[in-house]
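Numbers for residues simply follow the sequence, beginning at 1. We use all heavy atoms of the structure for the numbers below, so side chains are in, but hydrogens, waters and symmetry mates are not. Every number for a ligand or one of its atoms is a count from 1 in the order of the listing.
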Amino acid sequence: MPPYCLVRPFLFAMDAETAHEKTLAGLKQLNSIGLLPSGKTPGRVVNTMGITFPNPVGLAAGLDKNGECIEVWDKLGFGFVEIGTTTPRPQPGNPKPRMFRLPQKQALINRLGFNNHGVDALLRNVANARFKGILGINIGKNFDTPIERAADDYLICLQKVYPAASYVTVNISSPNTANLRQLQGESELDSLLGQLKARQLALADQYSRYVPLVLKIAPDLDDAQIINIADALRRHRIDGVIATNTTIGREGVEGMPHAEETGGLSGAPVFDKATAVVRKLSAALANELPIIGVGGITDGARAAQKLDAGATLVQIYTGIIYRGPELISECIAATKTSR
Ligand SMILES: Cc1cc2nc3c(=O)[nH]c(=O)nc-3n(C[C@H](O)[C@H](O)[C@H](O)COP(=O)(O)O)c2cc1C
């Protein structure tokens, strides 16, 4: 495989979403003809949520929404792979263009809106993958399901993905599905988590296998909201929390080309905000459940800082677009000696 620094100029000459599609197709092709080298960097094994992770560095949701390249991410060295967000029915997402680079800041803004082929197609891809690693499946709601009925969509997806997943992530924090983040409110969250927990326990009985449930939250929460969420997670015995999704804030990118585009900002500018949420959650959770730290990891040092702030595992998305697969081994090496 050519070094990413040689490939990147060609990709960055295309619009961001086209480059994304071509990269996925190219990696899939290389893998299918056996030309994708397996770059396993030895990492620190992490035991959490009843799962043994070969290293603490995972692929964040959204890069492989349909689970089309699961084997590729494994070969590139990730300790775990999260696919999705998937929804009960396929949906096209928002009109294009809907993904923008802010290269001076190693950032992206996206308003994709859960474009995906639906949960059944995702499960077919999972069944066809030769993958024995740790697979998170991230679930959401269709854009046209009323927010009052959101729980129905999450329950449909949970039921379907349960036997195929190592853990299931409940995404209530995308800024690109109208009203979705309302589900982080106290009574909405209480009701949603109560229903999902009951279904998880029933499914654990049915399949004689307990699959952890993880909640993914936004970085745009105040201290009181973080404490409420932490209380709800403990009360409902949720197994883990992912902090964070993209931000609707524009701190650090004001005045730059594309900064005014609607959508969620990711990459370097979200690092401080997302890490602050990890730190506050960690204090509020008192180690009762693990935190997966994501947001703005663009080098190994920042991966280690997420662990220092209280995360047990980390995930990356935007950093991969800017740094390529080298970032994975750099993060694995940097987190080898952390807590
Ligand atoms: C283009 C794009 C699409 C995304 N899609 C999803 C998604 O479908 N579900 C989800 O939970 N997070 C999604 N995310 C959020 C990422 O998983 C991650 O939480 C966020 O980008 C912060 O991490 P980063 O700075 O390493 O990118 C998406 C992010 C980007 C940039």
Side-chain angles (χ1 to χ4, degrees), residues 15-21 23-24 57-67 73 78 80-87 91 93-94 96-102 105-117 119 122 136-143 154 157 168-177 180-181 183 214-220 241-249 252-253 258 261 263-275 277-278 291-299 302-303 306 311 313-323 327-328 331:
D15 113 277
E17 192 169 349
T18 310
H20 175 86
E21 284 162 4
T23 306
L24 255 57
V57 181
L59 176 72
L63 214 156
D64 190 359
K65 286 181 188 274
N66 300 303
W73 313 123
F78 282 111
F80 61 111
V81 177
E82 189 169 314
I83 58 173
T85 297
T86 189
T87 54
Q91 61 179 32
N94 289 319
K96 294 179 184 176
R98 52 191 183 177
M99 190 169 163
F100 308 89
R101 295 186 199 94
L102 291 78
K105 293 286 178 180
Q106 297 199 311
L108 292 173
I109 291 176
N110 92 83
R111 52 169 178 272
L112 294 173
F114 292 167
N115 55 314
N116 81 103
H117 300 159
V119 67
L122 174 136
I137 304 186
N138 180 308
I139 60 175
K141 71 176 268 300
N142 278 112
F143 79 104
Y154 288 100
C157 288
V168 178
T169 300
V170 177
N171 179 13
I172 52 168
S173 48
S174 165
N176 303 315
T177 295
L180 190 79
R181 288 170 307 147
L183 299 173
V214 172
L215 187 73
K216 183 162 179 179
I217 64 170
D220 309 304
V241 55
I242 302 184
T244 68
N245 214 311
T246 56
T247 177
I248 53 168
V253 299
H258 300 307
E261 293 287 352
L265 172 69
S266 59
V270 83
F271 179 80
D272 287 344
K273 209 181 209 178
T275 308
V277 175
V278 171
I291 302 168
I292 303 176
V294 49
I297 297 177
T298 50
D299 57 31
R302 285 179 160 202
K306 290 279 187 206
L313 302 165
V314 297
Q315 290 179 326
I316 325 173
Y317 185 145
T318 306
I320 299 292
I321 310 295
Y322 285 97
R323 298 274 325 276
L327 178 60
I328 306 163
C331 290

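- The shortest non-hydrogen separation linking Ala243 to Val277 is CB-CG1, 4.0 Å.
- Not a single salt bridge (Lys or Arg N to Asp or Glu O under 4.0 Å) links Arg302 to another residue, sequence neighbours left out.
- With sequence neighbours left out, Lys273 forms a salt bridge (Lys or Arg N to Asp or Glu O under 4.0 Å) with Asp220, Glu251.
- Listed by chain and number, the residues in a salt bridge (Lys or Arg N to Asp or Glu O under 4.0 Å) with Arg323 are Glu330 (sequence neighbours excluded).
- The one candidate from Thr177, Thr87, Thr85, Thr86 that meets the side chain to side chain donor-acceptor pair (under 3.5 Å) condition with Asn171 is Thr85.
- Remark: the backbone N or O of Gly113 is paired with a side-chain donor or acceptor of Gln91 at under 3.5 angstrom.
- Listed by chain and number, Ala60, Ala61, Gly62, Lys65, Gly84, Thr85, Met99, Leu108, Asn110, Leu112, Asn138, Asn171, Lys216, Thr244, Asn245, Thr246, Ser266, Gly267, Val270, Val294, Gly295, Gly296, Ile316, Tyr317, Thr318 each place a non-hydrogen atom less than 4.0 angstrom from ligand 1.
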